[in-house]
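Residue numbers start from 1 in every chain, and the chains themselves are labelled A, B, ... in the order their sequence lines are given, proteins ahead of strands. Just so it is clear, the values below take in all heavy atoms, side chains as well, and ignore hydrogens, waters and symmetry mates.
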Amino acid sequence: MNNSKKLIGMYEAMLDTLGPSHWWPGDSPFEIAIGAILTQNTNWKNVEKAIGNLKEHNLLTPQALYALDSDKLAELIRPAGYYNIKTRRIRNFLSFLKSEAEFDLLQLKNHSLDELRPKILAVNGIGPETADSILLYALDFPTFVVDAYTARMMNRHGLVHEDIDYHELQALFVDALPENVSVYNEYHALIVRVGKDWCKKKKGLCESCPLQPFLD
DNA sequence: ATCCGGTGCA
DNA sequence: TGCACGGGAT
């Protein structure tokens with residue numbers, strides 16, 4: 001089976017067994033963008049606490065967060081871990097949002113994907129995965145998100161080396177799939193769900209995995 | 001003890 | 001290529 005058919009087959013298998021994911025959880029594009037920064041190498045449950053704290057204080061708007069002291073912000077996002085560095089990263093993103101789009105995330109959609117992605121990547125603290133997550137899940141741009149789960153899952157299926165470069169891994173999916181926001185959205189979400197519940201770090205639960213039929 | 005929707009810096 | 005960043009859940 002060629003690569004494209006295999007990747008499409010895996011997608012269909014996951015969707016059939018797990019159902020749609022309804023990603024990204026969040027009430028607004030801005031909440032999704034902040035969540036993308038907060039969830040860097042961090043369990044989503046911890047991110048939810050941090051976002052809950054911000055909501056509770058009515059601070060989940062660009063203007064309110066921008067006006068907030070670093071110390072206050074750090075304390076509120078503390079449950080998400082790495083709170084000092086993430087405070088800096090959020091503030092970097094807010095400065096970018098102010099200068100580039102008058103605090104209006106949707107104004108970023110006036111750019112093409114190809115010119116916007118490098119601009120977001122230039123923000124210190126926003127790497128390729130966070131940038132693509134914001135572009136896809138907050139702004140509906142057709143860019144495919146890959147992550148540690150993706151590399152692990154693909155590696156265990158013998159398709160890539162474990163430490164494959166981000167953009168190489170991404171290209172594998174882009175080349176195999178139709179350029180479609182809904183498919184990109186759902187595919188990454190399904191991989192994360194499979195990664196959490198079956199393709200675990202220590203020992204994969206391959207026998208019961210939705211992707212078991214695709215193992216060799 | 002181990003892991004988590006990573007990233008930047010030496 | 002290593003390493004720091006970090007609280008919370010299992």
Side-chain angles (χ1 to χ4, degrees), chain A residues 11 14 18 20-27 29-54 56 70-96 117-141 143-156 161-170 173 181 183-205 211:
Chain A
Y11 175 72
M14 290 190 288
L18 303 180
S21 308
H22 308 293
W23 267 37
W24 183 299
D27 297 334
F30 183 67
E31 179 177 338
I32 291 169
I34 295 301
I37 294 172
L38 289 176
T39 199
Q40 291 170 351
N41 198 40
T42 297
N43 191 300
W44 181 255
K45 296 295 290 182
N46 292 353
V47 175
E48 287 182 321
K49 297 175 189 297
I51 290 181
N53 286 343
L54 296 176
E56 201 174 315
S70 290
D71 293 352
K72 298 285 182 84
L73 178 54
E75 190 51 40
L76 290 169
I77 67 172
R78 184 185 175 94
Y82 301 150
Y83 49 89
N84 287 312
I85 184 109
K86 284 175 180 173
T87 292
R88 209 149 53 229
R89 290 174 179 181
I90 287 172
R91 292 173 65 87
N92 290 342
F93 177 69
L94 289 168
S95 295
F96 162 82
R117 192 172 187 276
K119 284 176 181 285
I120 296 187
L121 275 175
V123 178
N124 188 293
I126 297 189
E129 182 182 341
T130 306
D132 285 331
S133 295
I134 293 171
L135 289 165
L136 176 64
Y137 290 106
L139 298 174
D140 296 317
F141 278 106
T143 190
F144 197 89
V145 180
V146 297
D147 63 352
Y149 287 130
T150 315
R152 190 159 75 221
M153 181 268 283
M154 293 290 278
N155 172 255
R156 285 179 175 168
H161 193 274
E162 172 79 54
D163 54 14
I164 184 173
D165 169 79
Y166 182 95
H167 292 102
E168 284 183 45
L169 182 57
Q170 180 183 50
F173 288 87
V181 170
V183 173
Y184 286 5
N185 178 317
E186 188 59 48
Y187 207 142
H188 173 67
L190 288 165
I191 288 175
V192 173
R193 292 167 70 196
V194 165
K196 279 179 175 171
D197 294 338
W198 288 277
C199 207
K200 296 164 183 280
K201 175 105 171 189
K202 200 156 198 174
K203 182 178 182 300
L205 307 176
L211 294 177

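- Scanning for side chain to side chain contact (heavy atoms under 4.5 Å, CB included) contacts around I32(A) gives W24(A), Y137(A), A138(A), with sequence neighbours left out.
- Annotation for R156(A) and K201(A): closest pair NH2-O, 2.7 Å, computed over non-hydrogen atoms.
- K196(A) comes within contact range of at least one nucleobase, with a heavy-atom separation under 4.0 Å.
- Side-chain atoms of E129(A) never come within 3.5 Å of backbone atoms of V145(A) as a donor-acceptor pair (strictly under, hydrogens ignored).
- Where K200(A) and A131(A) each meet DNA chain B at their nearest nucleotide, the meeting point lying more 5' is that of K200(A).
- Between E75(A) and K72(A) there is no salt bridge, since none of the side-chain N atoms of the basic residue sits less than 4.0 Å from a carboxylate O of the acidic one.
- Taking both residues in full, the closest heavy atoms of L205(A) and D197(A) are given as CD1-O, 3.6 Å, listed atom of the first, atom of the second, then distance.
- Straight-line distance between the P atoms of dG8(C) and dT7(B): roughly 23 Å, to the nearest whole Å.
- Using a 4.0 Å heavy-atom cutoff across all strands shown, S133(A) reaches no nucleic acid atom at all.
- Counting 5' to 3', DNA chain C first comes under 4.0 angstrom of a heavy atom of chain A and last does so at the ends given by dC5(C) to dA9(C).
- Across all strands shown, I126(A) has heavy atoms under 4.0 Å from sugar-phosphate atoms exclusively, and none from any base.
- Exactly one of Y166(A), Y11(A), F173(A) qualifies for a ring pair (Phe, Tyr, Trp, His ring centres under 6.0 Å) with F144(A). That residue is F173(A).
- The residue V123(A) sits close only to the backbone: its heavy atoms come under 4.0 Å of sugar-phosphate atoms, none of a base.
- Atom-to-atom, CD1 of I37(A) to C1' of dT7(B) comes out at 11 Å; the value is rounded to the nearest Å.
- Side-chain atoms of R152(A) lie closest to dC4(B) of the nucleotides dC4(B), dC9(B), dT7(B).
- Although no hydrogens or angles enter the test, the distance criterion places no donor-acceptor pair under 3.5 Å between the side chain of E168(A) and the main chain of I164(A).
- At the heavy-atom level, K45(A) lies nowhere under 4.0 Å from the strands shown.
- Nearest-nucleotide positions on DNA chain B place N46(A) closer to the 5' end than the other of L121(A) and N46(A).
- Counting non-hydrogen atoms under 4.0 angstrom, A80(A) reaches a base of the nucleic acid.
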